[in-house]
Amino acid sequence: MLDTKKEYLIIKILQVNLPLWFKQAKRDLPFRQTKDPYSIWISEIMAQQTQIDTLIPYYYRFIKQFPNVFSLTLASEDEVIKAWEGLGYYSRARNLHQAARLIVSDYNGLMPDTFTELIKLPGIGPYTGGAIASIAFNEKVCAVDGNVLRVISRYCNSYDDIGDAKTKKRITQWLETILPQAVGDFNEGLMELGAMICTPQNPKCLLCPIRDGCQSFIAGTTALIPVKKKKQKQVTKKMEVGIVKQNGALFFIRRPDAGLLSGMWSFPITEAAAKNSQAIKKKLEESFSQLGEPVLIGTSRHVFSHVIWEMSVYGFNLDLSVCETNAGYLTANQPPDQSTFKSLAQVDELALPVAFSKLLKLLDNF
DNA sequence: TATGCGTGGGC
DNA sequence: TGCCCAAGCAT
């Protein structure tokens, strides 16, 4: 990976300068004021594919609501998902809840303290396991995330594709041979450097504490590294959303427990079959015997990681007198806990993804 | 190995 | 607008 003649010096710069820099430059983050494995676990799960600034308010709220693994265990999955509302990648919340119950049932409520045990828990993979083990338990393992891949690729002037599993393995194995005693600070330092200095665009090399060893800085290739294959862009889907209103209350359904936004609440939504087909009306007629004509109240676009929804939002007024004469408006395949009416004041009780919560402002047109 | 899985921010 | 990216994991 590196010219062996230089390697000793280059490794020393990394081992010595990085922790020194981290000690004085690290951000004052709430989860850095504790060694509590539970708190560190929560912060690391939240940090997956999420910028630190985004998760901080969630972290405070979550720790206040669920201060330890037992309180998390006692909560319902709905409560945990609600606490995760707005953060995205909601399977993280479900895995967190599952893992908490495993920790109580299989580990006497104590967080497993080794990498090997940690990665057996749902939602904890190689990165998160390494982060918890090294930061909370000082185990000599590395924690290789996107920051680390970028920092090390540049430091070694490597053009290997960081999306390739082989590259990650190679970097992991190299790091394992150079981990210093204070492994937690070293791992966090690499990530902090990646987040604050060795950024993807316009890295602040003049402020970098390991610049003298950085082969990419020396070669002037920091703009070319890391190499990463382009993601294929999202598919755009035209969707129809139905907002059913009855006496000011809105109709919601719970989404299936697998797939996009699983377990979250939702307005009824369908993929538009064809132009002006009003597929949503057909779907709603399965649940409501008398709907009336839909009113187009607006459009909205929502970008997910792998799909884009272009939504046409239709309002349906449910006449109370009609509903009373059709008490069985809910179909049998929609059990009561899978659908509900909520007033605007009550909507907050449901875990509603942003794709739908942002539609609430369209109600002014309805 | 490749894909599904959210959301917000930067430019 | 679009495009990239972010302290990844499960399958």
Side-chain angles (χ1 to χ4, degrees), chain A residues 22 26-27 29-32 40-59 81 84-96 98-99 118-136 142-151 161-169 172 184 186-196 198-203 223 226 228-236 255-264 266 301-310 351-358:
Chain A
F22 180 65
K26 64 180 175 183
R27 288 168 291 177
L29 304 174
F31 40 86
R32 283 183 176 159
I40 291 171
W41 172 40
I42 302 301
S43 72
E44 289 299 342
I45 299 297
M46 286 185 172
Q48 292 170 5
Q49 295 291 284
T50 305
Q51 297 192 18
I52 298 301
D53 289 344
T54 302
L55 69 85
I56 286 176
Y58 287 89
Y59 174 81
I81 291 182
W84 212 264
E85 179 187 65
L87 257 186
Y89 287 150
Y90 297 99
S91 65
R92 290 184 292 174
R94 298 145 78 86
N95 286 144
L96 204 56
Q98 267 193 291
L118 283 164
I119 60 171
K120 291 179 182 172
L121 293 170
I124 298 184
Y127 162 73
T128 307
I132 299 172
S134 64
I135 296 170
C142 50
V144 180
D145 71 336
N147 287 310
V148 176
L149 291 173
R150 182 174 60 256
V151 168
D161 180 356
I162 61 170
D164 190 336
K166 288 198 294 282
T167 304
K168 183 175 177 183
K169 186 172 182 182
T172 300
F186 181 77
N187 286 341
E188 273 199 275
L190 280 174
M191 293 188 273
E192 188 79 351
L193 189 75
M196 306 306 293
C198 194
T199 48
Q201 312 299 328
N202 308 314
K228 197 174 173 183
K229 255 198 311 244
K230 276 183 186 166
K231 270 185 250 178
Q232 61 181 43
K233 67 176 182 182
Q234 300 98 325
V235 178
T236 298
R255 295 177 62 79
D257 56 23
L260 183 63
L261 303 174
S262 53
M264 304 289 286
S266 161
R301 175 186 164 88
H302 193 80
V303 179
F304 295 96
S305 48
H306 63 294
V307 65
I308 297 172
W309 280 355
E310 287 181 353
L352 202 62
V354 172
F356 296 113
S357 61
K358 71 184 186 185

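Because the structure is predicted, anything quoted here is derived from the model rather than measured. Per chain, numbering begins at 1; letters A, B, ... match sequence-line order.
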Next item on the list: Provide, to the nearest angstrom, the distance between the CZ atom belonging to A/Arg92 and the P atom belonging to C/dG8.
Entry: 9 Å

Check: A/Lys228 has a side chain; which of C/dA7, C/dA6, B/dT7 sits nearest to it?
Finding: C/dA6

Next item on the list: Without swapping roles, check the side chain of A/Lys166 against the backbone of A/Asp161 for a donor-acceptor pair under 3.5 Å.
Entry: no

Next item on the list: Decide if the gap between the ring center of A/His302 and the ring center of A/Phe304 is smaller than 6.0 angstrom.
Entry: yes

For residues 118-136 of chain A, please give each side-chain donor-acceptor pair under 3.5 Å, one per line with the distance, not counting sequence neighbours.
residue, atom, partner, partner atom, Å
A/Lys120, NZ, A/Glu117, OE2, 2.8
A/Tyr127, OH, A/Glu44, OE1, 2.6
A/Thr128, OG1, A/Gln48, NE2, 2.9
A/Ser134, OG, A/Gly130, O, 2.7
A/Ser134, OG, A/Ala131, O, 3.3
A/Ser134, OG, A/Asn187, ND2, 3.0

Next item on the list: Scan A/Thr54 against the nucleic acid and name what it touches under 4.0 Å (heavy atoms): base, sugar-phosphate only, or nothing.
Entry: nothing

Next item on the list: Could you tell me the separation between the CG atom of A/Asp257 and the C1' atom of C/dT11, rounded to a whole number of Å?
Entry: 16 Å

Next item on the list: Just compare C/dC4, C/dA7, C/dG8 and give me whichever is closest to any side-chain atom of A/Lys230.
Entry: C/dC4

Item checked: Ring geometry between A/Phe356 and A/Trp309 (parallel below 30°, tilted from 30 to 60°, perpendicular above 60°) -> tilted

Margin query: Need one value for A/Leu193: base, sugar-phosphate or nothing, where a base atom within 4.0 Å counts as base even if backbone is also close, heavy atoms only.
Written below: nothing

Notebook entry, point to check: For A/Gln201 and C/dG2, what is the distance between atoms CD and P respectively, to the nearest whole Å?
Noted result: 19 Å

Check: A/Leu149 has an atom CG; how far is it from atom P of C/dG8, in whole Å?
Finding: 9 Å

Checklist line | 5'-most by nearest nucleotide on DNA chain B - A/Phe304 or A/Asp164 | finding: A/Asp164

Next item on the list: Identify which nucleotide among C/dA7, C/dA6, C/dC4 has an atom closest to any side-chain atom of A/Pro200, counting heavy atoms from C-beta outward.
Entry: C/dA6

Margin query: Counting the atoms with a prime plus P, OP1 and OP2 as sugar-phosphate, which does A/Gly259 contact under 4.0 Å by heavy atoms, base, sugar-phosphate, or nothing?
Written below: sugar-phosphate

Checklist line | Interatomic distance at P, C/dA7 relative to B/dG4, whole Å | finding: 23 Å

Next item on the list: Can you figure out which of C/dC4, C/dG8, C/dA6 approaches the side chain of A/Thr128 most closely?
Entry: C/dG8

Next item on the list: Please confirm whether any donor atom in the side chain of A/Arg27 sits under 3.5 Å from an acceptor in the base of C/dA7, or the reverse.
Entry: yes

Item checked: Nearest-neighbour nucleotide for the A/Lys166 side chain, C/dT1, B/dT1, C/dC9 considered -> B/dT1

Check: Among the nucleotides B/dT1, B/dT7, C/dA6, which one has an atom lying closest to any side-chain atom of A/Gln51?
Finding: C/dA6

Checklist line | Minimum-distance nucleotide to A/Asn95 side chain [options: B/dG6, C/dA10, B/dG8] | finding: C/dA10

Next item on the list: Assign A/Ser43 to base, sugar-phosphate, or nothing according to its heavy-atom contacts below 4.0 angstrom with the strands shown.
Entry: nothing

Next item on the list: Would you mind classifying the nucleic acid contact of A/Val303 as base, sugar-phosphate or nothing, using non-hydrogen atoms under 4.0 angstrom?
Entry: base

Checklist line | Separation between the P atoms of B/dT3 and C/dC4, rounded to whole Å | finding: 16 Å

Margin query: Whole angstroms only, please: what is the CD-P distance between A/Gln48 and B/dG4?
Written below: 19 Å

Checklist line | Nearest-Å distance for atom pair NZ/P, residues A/Lys168 and B/dA2 | finding: 15 Å

Next item on the list: Looking at every strand, decide which applies to A/Ile124 at a 4.0 Å heavy-atom threshold: base, sugar-phosphate, or nothing.
Entry: sugar-phosphate

Checklist line | Nucleotide of C/dC3, C/dG8, B/dG6 approaching A/Lys233 most closely (side-chain heavy atoms) | finding: C/dC3

Next item on the list: With heavy atoms under 4.0 Å as the rule, sort A/Arg32 into base, sugar-phosphate or nothing.
Entry: base

Next item on the list: Could you say whether A/Glu188 or A/Pro122 is positioned toward the 5' end of DNA chain C, judged by the nucleotide with the nearest heavy atom to each?
Entry: A/Glu188

Next item on the list: With heavy atoms under 4.0 Å as the rule, sort A/Leu261 into base, sugar-phosphate or nothing.
Entry: sugar-phosphate

Item checked: A/Arg32 side-chain N/O to A/Lys26 backbone N/O, donor-acceptor pair under 3.5 Å -> no

Item checked: Distance, rounded to the nearest Å, where A/Arg150 contributes CZ and C/dA6 contributes C1' -> 9 Å

Next item on the list: In sequence, state the C-alpha distance, the side-chain angles, and the governing distance for A/Arg150 and A/Asn147, and then conclude on side-chain hydrogen bond (donor to acceptor under 3.5 Å, both in side chains).
Entry: CA-CA 5 Å; A/Arg150 182 174 60 256; A/Asn147 287 310; 2.7 Å; yes

Item checked: A/Lys229 vs A/Val354, nearer the 5' end of DNA chain B by closest nucleotide -> A/Lys229

Checklist line | Base B/dG6 to side chain A/Thr50, donor-acceptor N/O within 3.5 Å cut-off | finding: yes

Item checked: Check: A/Arg94 side chain, A/Asp257 main-chain N or O, donor-acceptor pair, under 3.5 Å -> yes

Notebook entry, point to check: Looking at the side chain of A/Leu260, which of C/dA6, B/dG6, C/dC3 is the nearest nucleotide?
Noted result: B/dG6

Note to self: What contact category does A/Ile52 fall into here, base, sugar-phosphate, or nothing, at under 4.0 angstrom with non-hydrogen atoms?
What the structure shows: base

Check: Between B/dG6, C/dC9, C/dA7, which nucleotide gets closest to the side-chain atoms of A/Ala195?
Finding: C/dA7

